[in-house]
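Working notes, structure below.
Every chain is numbered from 1, with letters handed out A, B, ... down the list of sequences.
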2 protein chains.
Amino acid sequence: MTLRDVAELAGVSSRTVSNVVNGYANVTERTRLRVQQAVDQLGYRPNVLARNLARGRSGQIAVVVPYLDTPYFSELLQGIIRAARVQGYNVLIDQTDGDREHERMLINHGSSRLLFDGVIFSPLGLSQQALADRDPDLPLVVLGERVSDGTFDHVGIDDVTASRQATEHLLDLGRTRLAAIGDQPYETGEAAQLRTRGFREAHERRGLPVREDLVIGTPRFNRVDGAGAMAHLLDRDDPPDAVFCYSDLVALGAIHTLVGRGLRVPEDVAVIGYDDIEDGRYSNPPVTTISPDKEMIATTAVERLLLRIGSATAPPGLELRAPHRLVVRESTAGRRAG
Amino acid sequence: MTLRDVAELAGVSSRTVSNVVNGYANVTERTRLRVQQAVDQLGYRPNVLARNLARGRSGQIAVVVPYLDTPYFSELLQGIIRAARVQGYNVLIDQTDGDREHERMLINHGSSRLLFDGVIFSPLGLSQQALADRDPDLPLVVLGERVSDGTFDHVGIDDVTASRQATEHLLDLGRTRLAAIGDQPYETGEAAQLRTRGFREAHERRGLPVREDLVIGTPRFNRVDGAGAMAHLLDRDDPPDAVFCYSDLVALGAIHTLVGRGLRVPEDVAVIGYDDIEDGRYSNPPVTTISPDKEMIATTAVERLLLRIGSATAPPGLELRAPHRLVVRESTAGRRAG
């Protein structure tokens with residue numbers, strides 16, 4: 001099914017069909033109707049990629065994430081790809097491994113403009129300042145724990161509040177020795193620091209001291225980090241009776257260690273995660289978590305990026321907050337049947 | 001650190017530095033040495049993307065997979081990205097959702113050649129014939145359950161043998177009512193059919209009949225498919241005492257249902273998966289599985305693709321088999337401590 005088939009049926013030239021399909025003005029209303037009828041009758045769908053190339057745009061947006069094997073990003077990408085396809089955009093994905101130079105190249109290098117019309121970017125290695133020093137003409141939407149400086153949009157949830165609520169949930173269960181797994185007290189660990197701040201706020205509000213020896217740092221938010229940190233915590237004289245994990249993967253690793261040592265979750269140790277990935281819904285026990293509205297984050301990021309791509313002058317950068325909720329499952333709230 | 005800094009230190013023009021870095025011949029040996037010393041002293045690394053664009057190549061390869069949220073593909077992608085980066089190639093990833101038209105566009109449309117020098121492709125919607133009808137100039141390496149027609153390379157494991165071994169493992173445990181979850185008896189279900197064939201072969205070799213009513217089809221290889229199929233199997237009068245799942249995700253879904261119904265894994269029902277994803281190593285119980293050598297698949301795919309990209313005449317398409325092994329864990333082999 002090609003442009004030529006449509007042209008033949010409508011009795012016009014291929015160029016006329018192209019003009020109609022692309023919405024150009026130089027076509028009479030009568031011709032437009034005739035072409036549209038032929039398009040409908042044949043079920044013709046224009047090749048968006050070819051059309052965009054002719055217009056001097058790639059028709060592609062790039063999504064740049066630190067790690068593709070992190071289920072949180074994989075799930076977010078589903079929503080981004082869906083939202084972009086509806087608008088005729090193809091999505092290309094790049095993984096940075098959190099490498100600072102690779103990230104810098106992506107937001108600075110003019111030649112990448114041949115490939116992408118804009119970038120949805122989840123930085124890990126780059127600081128806030130390095131983000132500000134980027135190519136100013138590149139349409140950019142940032143995910144994760146950064147703050148908009150007014151030149152790009154930032155989409156995320158309120159991590160401090162969410163982390164405070166997660167911690168309050170553990171305190172509400174009557175637990176008294178709370179651990180936190182995932183702190184990263186250095187420049188590029190901003191995401192982790194927001195969660196630690198929420199953990200502290202929950203304690204402060206109840207007038208309880210934070211058990212500083214139970215706040216454990218991890219290099220990443222993976223299963224192996226959670227498993228190792230939990231083993232470390234269990235070797236203490238006075239181990240925790242509840243753990244706030246900074247991701248569901250960390251929680252799954254922590255549970256793996258607990259079960260392996262013959263401890264019961266949640267009876268002996270309650271475990272809460274963060275991200276609401278599918279793994280945590282099917283694990284044994286299923287994991288209580290903070291659930292960000294990923295669909296909202298994805299569609300908002302795509303909408304804002306396409307707005308930037310389509311604007312002659314760059315719109316002001318906004319801080320956009322997606323909602324989140326606490327999802328209580330068996331890892332804190334009881335025992336499953338069986 | 002730019003080309004200009006190197007030029008200044010070496011006392012030559014930027015163009016001369018560029019010629020040296022790109023390996024062009026029009027530079028004297030003495031100048032080459034001087035530039036190389038300045039490059040080493042400053043730790044300058046040339047911008048590969050810009051260099052490749054100047055050469056009329058994008059320096060990018062595309063990896064096209066059906067679903068990014070499948071951990072098997074995410075893990076494979078890690079190896080592909082690593083192997084490509086070592087060769088100075090950037091990797092762009094595209095998700096097709098298994099959509100036949102999207103897949104066809106990617107391997108047929110000339111305009112995509114502006115973006116990629118070649119494609120590593122895991123088809124789902126496209127049949128073997130549609131693969132053969134592609135743009136013949138596009139360097140292509142295929143993953144998954146297809147067969148090379150001599151014009152592209154295919155990298156995979158021996159799925160029939162691996163599936164036979166998985167089934168034999170269950171029979172060796174003395175189990176007698178074996179179920180299989182994941183069959184797809186239609187044109188694009190070739191991957192699933194190879195696994196069913198291995199399941200049958202194991203029975204035939206022992207002179208045992210296949211319990212046809214326990215071979216369950218699923219639309220995908222996900223947790224939700226495994227959970228639903230397992231529920232269906234447990235509602236039989238004569239439920240299985242062992243299950244061969246066509247992916248680890250299916251196995252995790254099946255275990256979720258078994259635990260929810262108060263059954264013990266493996267005492268009541270032994271469960272084996274396929275893919276050896278990280279989730280299965282940390283689950284409760286950990287999942288016995290077929291482990292493909294993903295690192296070998298990834299590096300072989302990249303090597304063959306770059307060979308094709310660099311060849312003036314296309315090399316013959318090869319069938320390349322990566323090794324696999326059976327990894328026995330608690331979901332078939334016993335009870336964990338605790």
**Request:** Check whether any side-chain heavy atom of Pro71(A) sits under 4.5 Å from a side-chain heavy atom of Pro71(B), and report yes or no.
**Result:**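 Not in contact.
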**Asked** If we only count heavy atoms from C-beta on, is the Leu68(A) to Ile93(B) side-chain gap below 4.5 Å?
**Response**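 The answer is yes, as the side chains (C-beta and beyond) meet within the 4.5 Å cut-off.
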**Asked** When rounded to the nearest 0.5 angstrom, what distance separates CG in Asp279(A) from OH in Tyr282(B)?
**Response**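 It is 13.0 Å, given to the nearest 0.5 Å.
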**Request:** Working to the nearest 0.5 Å, report the span between NE2 of His256(A) and CG of Asn284(B).
**Result:**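 So the gap between those two atoms works out to 9.0 Å.
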**Asked** By a 4.5 Å heavy-atom criterion (distance strictly below it), what part of Ile81(B) contacts chain A: side chain, backbone, both, or neither?
**Response**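 When you check distances to chain A, only side chain atoms of Ile81(B) fall under 4.5 Å.
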Below 4.5 Å, heavy-atom pairs only: which of [options] has the largest tally toward chain A?
options	result
Gln95(B), Glu75(B), Arg281(B)	Gln95(B)
Val63(B), Val91(B), Ile277(B), Leu252(B)	Val91(B)
Asn222(B), Val224(B), Leu77(B), Leu258(B)	Val224(B)

**Stepwise side chain to side chain contact (heavy atoms under 4.5 Å, CB included) check, Ser283(A) with Ser283(B)** = CA-CA 7 Å; Ser283(A) 64; Ser283(B) 64; over 6 Å; no
**Per-residue contact mode, Ala227(A) against chain B (heavy atom under 4.5 angstrom)** =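 The answer is the side chain of Ala227(A).
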**Message:** Does this structure show an ion pair linking Asp94(B) with Arg85(A), if we count only N-O contacts that are shorter than 4.0 Å?
**Reply:**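 Looking at Asp94(B) and Arg85(A), the cut-off is met.
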**Asked** In chain order, what residues pass the side-chain contact (heavy atoms from CB on, under 4.5 Å) check against Thr218(A), with sequence neighbours excluded?
**Response**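 In terms of side-chain contact (heavy atoms from CB on, under 4.5 Å), with neighbours along the sequence ignored, Thr218(A) is linked to Ile181(A), Phe221(A), Asp225(A), Ala229(A).
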